[in-house]
Amino acid sequence: MRKRVFSGARPTGRQHLGNYLGALQNYVKLQDEYDCIYCIVDIHALTTVEDVSNIQNNIYEMTLDWLAAGIDPKRSITFVQSHVPEVMELHTLLSMVTPLSWLLRVPTFKEKAKLQPHNVNYGLVGYPVLMTADIVLYKAEAIPVGEDQLPHLELAREIVRRFNSLFGPTFPEPEAKLTSFPMVLGLDGKQKMSKSLDNHIEIALSPEETVKRVRTAVTDPARQYRTDPGNPGICNIHFLHGYFNQTEQQRYAMMCRKAEVGCVEHKNVLADEINKALAPFHERRAALATNPQYVKDVLADGAQRAQVVARETLVEVKKKMGLL
Ligand code: AMP
Ligand code: TRP
């Protein structure tokens, strides 16, 4: 039997280059070697989202991106977390073997508590327990994620070890699978690319919109005139260029150091590279968008297939925990 891959992502709507290069490309690639399950984690979203009116549309836009990027719903189960409610039952059961002190130590919990001091809800503390439930419900072994998820996965491994030692071997220890770009920087060149920081480039942007967006990127602030030599080592266009074409990245770095290319010109070159790389994606996305019912059917079918596995695991867990 092939090993199982699981990954989840919050319904943030249209995906950005960080999601794409840090996770989505890996989801697609891993389909050749593993049995894959990909999940849009709407319950996790509720730990931070205060305006819930966009969730359904975000799920739709995100599924379009996933399918257009190459997730094949025939091979890979693709579904929405809340459509398989067994995960919430498992979450409660796992919460009984997870010391509160482990959860309070998680860096993302501390960050989020700071960001939303008015809403440090119970679900926010339990976020990694729900994430562990996602993974172990399907006994997944390989987890494609970006670098920001590593602390969560470490905790998932600890919960698994604890469960297995208390109730006997049940779950494999999940391992992270990173891409070559596990932390894509945003247009500010300082922080990770993220929608909430508004430093992102959506992969579904039209070629013209991509050019405009790339133009807003921060480059070497010391380079004021076209004739000033630049420092690619602190230029975000330089970093982003490397995600798409490393040979050209090096060539442009040399030209930048000698003031042979200006920042605007370099930005246009980068935007072209992005548009070239994403052209097949855009074509598939436009075709899929003509059939919203197909997207709904994919998710309904995915939930049904996921639930078969989920129910089996839950019975096993309940027996081990003395509930059956
Ligand atoms: P999110 O949209 O935060 O739920 O993230 C979905 C997936 O994309 C997760 O595996 C993240 O680790 C990954 N990801 C998000 N932002 C970035 C980024 N800037 N660089 C690399 N990976 C990212
Ligand atoms: N925490 C992940 C994120 O913010 C999303 C997620 C939920 C996940 N459950 C998961 C990722 C299980 C991998 C495996 O991106």
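All ligand and atom numbering here is 1-based and tracks the order in the structure. One-based numbering along the sequence shown. If you're wondering where the values come from, they're calculated on a predicted model, not measured in any experiment.
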Linked, directly or transitively: [X] and [Y] (ILVMFWY side chains, under 4.5 Å):
X: Ile274; Y: Val184; result: yes
X: Tyr138; Y: Val5; result: no
X: Tyr34; Y: Ile143; result: no
X: Leu17; Y: Val269; result: no

Q: Would you indicate which of Ile143, Asn199, Asn19 comes nearest to atom 5 (O) of ligand 1 when only heavy atoms are counted?
A: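 Of the listed residues, Asn19 has the closest heavy atom.
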Return yes or no for this condition: an N or O of [X] is under 3.5 Å from an N or O of ligand 1.
X: Gly146; result: yes
X: Ala23; result: no
X: Glu147; result: no
X: Val184; result: yes
X: Arg10; result: yes

Q: Kindly assign one of parallel, tilted or perpendicular to the pair Trp66 and Tyr38, based on the angle between their ring planes and the thresholds 30° and 60°.
A: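 The rings of Trp66 and Tyr38 stand perpendicular, inter-plane angle above 60°.
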(Q) Can you tell me how the ring of Tyr127 sits relative to the ring of His44, calling it parallel under 30°, perpendicular over 60° and tilted otherwise? (A)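 Judged by the thresholds at 30° and 60°, the geometry between Tyr127 and His44 is tilted.
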Q: Decide whether an N or O pair under 3.5 Å exists between Asp134 and ligand 2.
A: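 Yes, at least one N or O pair falls under 3.5 Å.
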Per-atom contacts of ligand 2 with [X], taking only distances under 4.0 Å to non-hydrogen atoms:
X: His44; value: 7 (C), 9 (N)
X: Tyr127; value: 1 (N), 2 (C), 3 (C), 4 (O), 5 (C)
X: Val145; value: 11 (C), 13 (C)
X: Arg10; value: 4 (O)
X: Ile143; value: 13 (C), 14 (C)

[atom]: nearest protein contact (heavy atom, Å):
atom: atom 10 (C) of ligand 2; result: Met131 CG, 3.4 Å
atom: atom 23 (C) of ligand 1; result: Gly18 O, 3.4 Å
atom: atom 6 (C) of ligand 1; result: Ala9 CB, 3.5 Å
atom: atom 11 (C) of ligand 2; result: Gly8 O, 3.2 Å
atom: atom 11 (C) of ligand 1; result: Asp148 OD1, 3.5 Å
atom: atom 3 (C) of ligand 2; result: Gln149 NE2, 3.2 Å

Test: [X] and [Y] ion pair at under 4.0 Å:
X: Arg251; Y: Glu248; answer: yes
X: Lys212; Y: Glu208; answer: no
X: Lys276; Y: Asp272; answer: no
X: Glu175; Y: Lys3; answer: no
X: Glu147; Y: Lys192; answer: no

Q: May I ask you to check whether Asn245 and Glu273 show a side-chain donor-acceptor distance below 3.5 Å?
A: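 Yes, because at least one side-chain N or O of Asn245 sits under 3.5 Å from a partner of the opposite role on Glu273.
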(Q) Ignoring hydrogens and geometry beyond distance, is a side-chain donor-acceptor pair present between Ser194 and Ser196 at under 3.5 Å? (A)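 Looking only at side-chain atoms, Ser196 and Ser194 do form a donor-acceptor pair, the distance falling under 3.5 Å.
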Q: Could you see which bit of Ile135 sits under 4.0 Å from ligand 2, with heavy atoms only: side chain, backbone, both or neither?
A: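 Side chain only; the backbone of Ile135 stays clear of ligand 2.
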Q. Given that the side chain starts at C-beta and the backbone is N, CA, C, O, which of these parts of His16 lies under 4.0 Å from ligand 1, counting heavy atoms, or is it both or neither?
A.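 Side chain only; the backbone of His16 stays clear of ligand 1.
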Q) Using a heavy-atom cut-off of under 4.0 Å, does the side chain or the backbone of Pro182 touch ligand 1, or both, or neither? A)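 The backbone, only.
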Atoms in ligand 1 with a heavy atom of [X] nearer than 4.0 Å:
X: Gly22; value: 21 (C), 22 (N)
X: Met193; value: 16 (N), 18 (C), 19 (N)
X: Gln149; value: 12 (O)

Q: Output yes when a side-chain donor or acceptor of Asp220 lies under 3.5 Å from a complementary backbone atom of Gly230, and no otherwise.
A: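 Answer holds: no.
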